[in-house]
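To start, the structure itself, in structure tokens.
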Amino acid sequence: MTGTPVPPGRGGPAPFTAEDYAVRMRRAAEAADAAGLAGLLIAPGPDLVWLTGYRPVETERLTLLVLRAGHDPVLVVPTLEAPDAAKAAGAPALTLRDWTDGKDPYEAAASVLRPDGRYGISDNAWALHLLGLRERLPDAGHVALTRALPMLRAVKDAAELDRLTAAGAAADATYEEIRKVRFAGRREREVAADLAGLLRQFGHTQVDFTIVASGPNGANPHHEAGERVIERGDMVVLDFGGLKHGYGSDTSRTVHVGEPTDEERTVHDLVRAAQEAGFRAVRPGAACQDVDRAARAVIADAGYGEYFIHRTGHGIGVTTHEPPYMIEGEEQPLVPGMCFSVEPGVYLPGRFGVRIEDIVTVTGDGGRRLNNTPRELAVVD
């Protein structure tokens, strides 16, 4: 099997150019140098896609992008996959160094590395390959890329923001349509299948998750849609997203099957107020933790603090979860172009849960939502 370049979306934005990828690779190498690293080692996965536009099949054969400040980028690739690598949009800015079966791939990589260097390496690099590199260069050091350079992909340019905006709009269209389907008497997995179909209908090429958590299942933030039959009187948490034009969507709304109780409305209104407070805290220079604090304070002050059991948000880009994270202790300042979720929730064990989530981008003077569907409690059939 061989890898293929990332295809442009039909009818979508113009594809990224070789120069776009060259700029990203140069910036990454310079950021590594500024952080005191000898360079970066990029394995197949989202980092490689973002830096080169190349998405190979992940196998036991070593594929590795080496970035070093002051040096040309080098992509170490199996010989049988070199033709596909050469077709990637970022290939003109790369030097390909191929290796054949029966040869030592780590020797090919070691030849362009400093033997005693400390390198940032993709979080998803296979242990097989990291250990192979360490055997070849025992004096080298390695650190996870998101620990060494957590903000590498965090600030989006205009073209990336356009893609994220389109993905958010597609998720919004999905929510508007799912509210029209029947919930009562159907299994969670059936509604989840509807969500997946709608995401694809509105242009997603990849569906990453379709959470449908009804009644007591709503108290589990990452519940997997199952065989439970949704009943009248259920609160239902909907959380869904994936990739459109290579960039992520992720939104949550909570609906109610039939008329809710006063308590259910109260809890939903509380979460909606917390989500609004988190959004209002978004501004350049604020710390990531400030967003978490603002949303969490609303819920804690109402006496539900122990039932808000996760961070307020996560970054989004070529993956649906990435840095930065909106959590206490994260002092990273917000910068225009950052994109992340604001998604507080309350989860009452054995009863129900509520979550409301928008993707937000930091602007010059505040924040802008990429999800704009109603946040009020929707009543469905």
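Quick caveat: nothing in here was measured; it's all calculated off a predicted structure.
Ion pairing of Arg253 with Glu176 is absent here, as no side-chain N (NZ or NE/NH1/NH2) approaches a carboxylate O to less than 4.0 Å. The pair Arg351-Glu263 meets the salt-bridge criterion, since a charged nitrogen lies less than 4.0 angstrom from a carboxylate oxygen. Contact check on Glu276 versus Arg272 returns no salt bridge, with no Lys/Arg side-chain nitrogen under 4.0 Å from an Asp/Glu carboxylate oxygen. Salt-bridge formation is not detected for the pair Arg27/Glu30: no Lys NZ or Arg NE/NH1/NH2 atom is positioned less than 4.0 Å from an Asp or Glu carboxylate oxygen. One finds no salt bridge joining Arg280 and Asp290 here, because no Lys/Arg side-chain nitrogen approaches an Asp/Glu carboxylate oxygen to under 4.0 Å. In this structure, Arg182 does not pair ionically with Asp381, as no charged nitrogen and carboxylate oxygen lie closer than 4.0 Å. Between Arg136 and Asp104 there is a salt bridge, since at least one side-chain N of the basic residue sits less than 4.0 Å from a carboxylate O of the acidic one.
You'll find the side chain of Lys156 stays beyond 4.5 Å of the side chain of Thr361, heavy atoms only. Side chains of Met25 and Thr52 form a contact here, defined as non-hydrogen atoms less than 4.5 Å apart. Within the 4.5 Å cutoff, no side-chain heavy atoms of Arg265 are placed close to those of Thr261. In this structure the side chain of Asp157 never reaches within 4.5 angstrom of the side chain of Asp20, judged on heavy atoms. You'll find the side chain of Glu259 reaches within 4.5 Å of the side chain of Val379, heavy atoms only. Looking at heavy atoms from C-beta onward, Tyr347 lies in side-chain contact with His310 at the 4.5 angstrom threshold.
A continuous path of hydrophobic side-chain contacts links Phe240 to Val257 [ILVMFWY only; heavy atoms under 4.5 Å]. In the hydrophobic clustering of this structure, Leu94 groups with Trp50; members are Ile, Leu, Val, Met, Phe, Trp, Tyr whose side-chain heavy atoms approach within less than 4.5 Å, directly or through other members.
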Evaluate the criterion side chain to side chain contact (heavy atoms under 4.5 Å, CB included) for residue pair Tyr106 and Glu135; output intermediate values, then yes/no. CA-CA 9 Å; Tyr106 306 109; Glu135 288 177 3; over 6 Å; no

Checking side chain to side chain contact (heavy atoms under 4.5 Å, CB included) for the pair Cys339/Leu161: CA distance, chi angles, key distance, verdict? CA-CA 8 Å; Cys339 296; Leu161 287 172; 3.4 Å; yes

I'd like to know whether Thr320 forms a side-chain hydrogen bond (donor to acceptor under 3.5 Å, both in side chains) with Asp250, so could you lay out the CA-CA distance, the side-chain angles of the two residues, the decisive distance to 0.1 Å, and finally the verdict. CA-CA 7 Å; Thr320 49; Asp250 186 0; 5.9 Å; no

Mind running side-chain hydrogen bond (donor to acceptor under 3.5 Å, both in side chains) on Asp365 and Thr363 for me, showing each step along the way? CA-CA 5 Å; Asp365 58 1; Thr363 65; 3.3 Å; yes

Steps toward salt bridge (Lys or Arg N to Asp or Glu O under 4.0 Å) verdict (Arg375, Asp358): CA-CA 9 Å; Arg375 294 166 197 87; Asp358 294 326; 2.7 Å; yes

List the steps, then state whether side chain to side chain contact (heavy atoms under 4.5 Å, CB included) holds for Asp269 with Thr266. CA-CA 5 Å; Asp269 286 347; Thr266 295; 5.9 Å; no

What verdict does the side chain to side chain contact (heavy atoms under 4.5 Å, CB included) test give for Leu75 and Leu64, after you've listed the backbone C-alpha separation in whole Å, the side-chain angles of each residue and the deciding distance to 0.1 Å? CA-CA 6 Å; Leu75 182 63; Leu64 192 72; over 6 Å; no

Compile the donor-acceptor pairs under 3.5 Å between side chains in residues 190-201 and protein atoms, sequence neighbours left out, one pair per line.
residue	atom	partner	partner atom	Å
Glu190	OE1	Arg187	N	2.8
Asp194	OD2	Arg186	NH1	2.9
Asp194	OD2	Arg186	NH2	2.9

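Side chain of Arg68 to main chain of Val112: a donor-acceptor pair is present (N/O by atom type, distance under 3.5 Å, no hydrogens or angles). Panel note: side chain His204, backbone Gln206; no donor-acceptor pair is recorded below 3.5 Å. With hydrogens and angles ignored, the 3.5 Å screen pairs no side-chain donor or acceptor of His256 with any backbone N or O of Val236. For Ser122 (side chain) and Ala125 (main-chain N/O), no donor-acceptor pair under 3.5 Å exists by modelled atom type.
The two residues Arg97 and Ser111 make their nearest non-hydrogen contact at NH1-OG, 3.2 Å. Minimum heavy-atom separation, Pro221 to Ala219: CD-O, 3.5 Å. The shortest non-hydrogen separation linking Leu149 to Ala28 is CD1-O, 4.3 Å. Shown here for Ile42 and Leu48, the closest heavy-atom pair between the two residues is CG2-N, 3.5 Å.
Listed by first and then second residue, the salt bridge (Lys or Arg N to Asp or Glu O under 4.0 Å) pairs that reach into residues 32-42 come to none, sequence neighbours excluded. A side chain to side chain donor-acceptor pair (under 3.5 Å) check over residues 161-170, counting only residues at least two apart or in different chains, returns nothing.
A search for side-chain hydrogen bond (donor to acceptor under 3.5 Å, both in side chains) contacts involving Gln332 returns nothing, not counting sequence neighbours. Considering only residues two or more places apart in sequence or on other chains, Thr319 meets the side-chain contact (heavy atoms from CB on, under 4.5 Å) condition with Pro46, Arg153, Glu322. With sequence neighbours left out, the side-chain hydrogen bond (donor to acceptor under 3.5 Å, both in side chains) criterion links Asp101 to Arg61. The side-chain hydrogen bond (donor to acceptor under 3.5 Å, both in side chains) check on Arg114 picks up Asp116, with sequence neighbours excluded. Applying the side-chain hydrogen bond (donor to acceptor under 3.5 Å, both in side chains) test to Glu376 and every residue at least two apart in sequence or in another chain returns nothing. Every residue was checked against the salt bridge (charged side-chain N to carboxylate O under 4.0 Å, His left out) condition with Asp139, not counting sequence neighbours, and none meets it. Applying the side-chain contact (heavy atoms from CB on, under 4.5 Å) rule to Val237 yields the partners Ala213, Thr254, Arg355; only residues at least two apart in sequence or on another chain are considered.
No hydrogens or angles considered: nothing links the side chains of Thr95 and Asp72 as a donor-acceptor pair under 3.5 Å. Judged by distance alone, the side chains of Arg228 and Ser214 do bring a donor and an acceptor atom under 3.5 Å apart. Looking at Ser341 and Glu343, their side chains do bring a donor and an acceptor atom within 3.5 Å of each other. Side-chain contact of Asn217 with Glu188: a donor-acceptor pair under 3.5 Å is present, judged by distance alone. Using modelled atom types and a 3.5 Å distance limit, the side chains of Asp239 and His222 yield no donor-acceptor pair. Between the side chains of Tyr247 and Glu160, at least one donor N or O sits under 3.5 Å from an acceptor N or O. For the residue pair Asp98/Thr100, the side-chain donor-acceptor check at 3.5 Å is not satisfied.
Using cut-offs of 30° and 60° on the angle between ring planes, the pair Tyr21 and Phe16 is perpendicular.
Apart from Ile299 itself, the hydrophobic cluster it occupies contains Met235, Val267, Leu270, Val271, Val298, Tyr304, Tyr307, Phe308, Val346, Leu348, Phe352, Val354, Ile356, Leu377, where clustering links Ile, Leu, Val, Met, Phe, Trp and Tyr at side-chain heavy-atom distances under 4.5 Å. In the hydrophobic clustering, Val155 connects to Met151, Phe279, Val282, Val291, Met326, Leu334, Val335, Met338, Phe340, Val342, Val360, Val362, either directly or through intervening members, whenever side-chain heavy atoms lie under 4.5 Å apart.
Counting heavy atoms of neighbouring residues, nucleotides and ligands inside a 6.0 Å radius, atom CD of Glu227 exceeds 12 of them.
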